[in-house]
Protein chains: 2
Amino acid sequence: MQLTVADSIRAQIISGDLESGAALSEVTLAAEHGVSRTPVREALKQLQTEGLVEIRPRVGTFVTTPSRAEIIELFQMKEVLEGAAARFLAQRGEVPELKALRVNIARSDAALAANDVAAYTDLVGEFHQLIVEGAGNSKLVQHYTTLMNQLAYTRLVSTSLSLPGRFAESENEHRHILDVIETRDAAGSERLMRHHVQASQDALLEVLSPAAPRGSER
Amino acid sequence: MQLTVADSIRAQIISGDLESGAALSEVTLAAEHGVSRTPVREALKQLQTEGLVEIRPRVGTFVTTPSRAEIIELFQMKEVLEGAAARFLAQRGEVPELKALRVNIARSDAALAANDVAAYTDLVGEFHQLIVEGAGNSKLVQHYTTLMNQLAYTRLVSTSLSLPGRFAESENEHRHILDVIETRDAAGSERLMRHHVQASQDALLEVLSPAAPRGSER
DNA sequence: GAGGTGTCTGTTGCATGGTAGAGATGAGTA
DNA sequence: TACTCATCTCTACCATGCAACAGACACCTC
């Protein structure tokens, strides 16, 4: 399986190489990828159903810019899916992902001790990913992945970690979540995971626009 | 907005006009819709990301046939999303969808009294749809819709209602769910909704293959 | 000066032809 | 009879060309 055009464009959008609202010309993309316009068109159509670009007929294709309301909706979905994942994982008991999660926590501790924000940013993404994968439901992974792509999540995390105290707090929450999952307390795991997602959302929204506290819109 | 080729093919798949596993020839579809192969290809690519068809490169496109394991995964997701929807709806309080739900229940009562399975089948779909829409999260609606399309849910419901007693039981569960939502008990609404989805899954799987009880696979 | 209209350019939308790969089918051999 | 290999056909895949539309700009009219 080689990298498709869609994968390439998707990566550019998620990484932020292509800015929000940027126009995506078919001919330009075709030239950049060394193919004709046809496969580019197909890729854009695919990215549209993934919610990453918006195709305005006869006008052009643009990178979607989620509104503040949409970001809140996405985080609400994140809370739902990750909460469910934690619950399923706790129910399943010992699976390979649990071991990987313990390693993740150990590395996060080290990153915290060294105050290495960049390393921890990656570890945060991995932590959440591992929980979702550990739930043992491929559909859950699929929906979660599209969600995270729409949020351009990895880009956001490093921002929210800039809040004073959030780094240590986040790491603490992660450790507690894993502890509860290991006790196989399904309901508790779900509750804790939801709280954690809410906390990280609060931190993020505070950084994005400090004036508006969580829940004040819609 | 006119009906696109993708919409047309999607409708055919969901309704069952196109059977599971059926090969979708580009030229045939193009001829049927009076267009060339290019827009058909784009439509198929879109349906692939929706999980409705499987494109085997250089071979052809086929209507996906969810395995038994996948159906269980899909129902697990259905439980998660509808549970969350019920919770959100209970939290929101009085919204237009609540009124529609009361009408729905009244009609369902009538259908039950008249033993009108066909009418009730539609009402079941509407009930669940209203709960999800009432949650006030457009992303939730999107993910839920793709999920239901993958399950070809409406086709399945009538099957499960053939079980003796399931019709009345299902209607009863619906009424209880709406009752609890109206008391604005978020946690209780979520719990009840999950149980209902599980019950309907049990009924369905029993009809599909009576030998294997729920949870015996994977 | 302001509003409307016509043209012009850049873009997407679709059709079609050539190419390459996958699968099937047949013949040949052990 | 069974198995292997070569050929052949059918399919998706991509490139390219043409048509149609949206938006911008200038000009004309009031």
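The sequence lines fix the lettering, A, B, ..., with proteins before strands; numbering per chain opens at 1. Predicted, not measured: the structure shown is a model, and the values here were computed from it.
Listed by residue number, Leu24(B), Ser25(B), Glu26(B) are the residues of residues 19-30 of chain B with a heavy-atom contact under 4.0 Å to DNA chain D. The stretch residues 39-62 of chain B comes close to DNA chain C through Pro39(B), Arg58(B), Val59(B), each having a heavy atom under 4.0 Å from the strand.
For Arg107(A), the CZ atom sits in a loose shell: 12 or fewer heavy atoms of surrounding residues, nucleotides or ligands are nearer than 6.0 Å.
When the ring pair (Phe, Tyr, Trp, His ring centres under 6.0 Å) test is applied to Phe75(B), no partner is found at least two apart in sequence or on another chain. Residues forming a ring pair (Phe, Tyr, Trp, His ring centres under 6.0 Å) with His143(B) (at least two apart in sequence, or on another chain): His143(A). When the ring pair (Phe, Tyr, Trp, His ring centres under 6.0 Å) test is applied to Tyr120(B), the partners found at least two apart in sequence or on another chain are Phe167(B).
Between the side chains of Gln46(A) and Glu42(A), no donor-acceptor pair of N or O atoms lies under 3.5 Å. Lys78(B) and Gln201(B) are not linked by any side-chain donor-acceptor pair at a separation below 3.5 angstrom, with hydrogens and angles left out of the test.
Proximity of Ile131(B) to Ile177(B): side-chain heavy atoms (C-beta onward) are separated by under 4.5 Å at one or more points. Taking 4.5 Å as the limit, every side-chain heavy atom of Glu54(B) sits out of range of all side-chain heavy atoms of Gln48(B).
Counting 5' to 3', DNA chain C first comes under 4.0 angstrom of a heavy atom of chain B and last does so at the ends given by dC14(C) to dG23(C).
One interatomic measurement links the two molecules: CZ of Arg37(B) to P of dC14(D), which rounds to 13 Å at whole-angstrom precision.
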Next item on the list: Could you walk me through whether His174(B) and Ser108(B) pass side-chain hydrogen bond (donor to acceptor under 3.5 Å, both in side chains), step by step?
Entry: CA-CA 9 Å; His174(B) 279 195; Ser108(B) 298; 5.3 Å; no
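At a threshold of 4.0 Å, the pair Glu173(B)-Arg166(B) counts as salt-bridged, since one of the basic side-chain nitrogens sits closer than that to a carboxylate oxygen.
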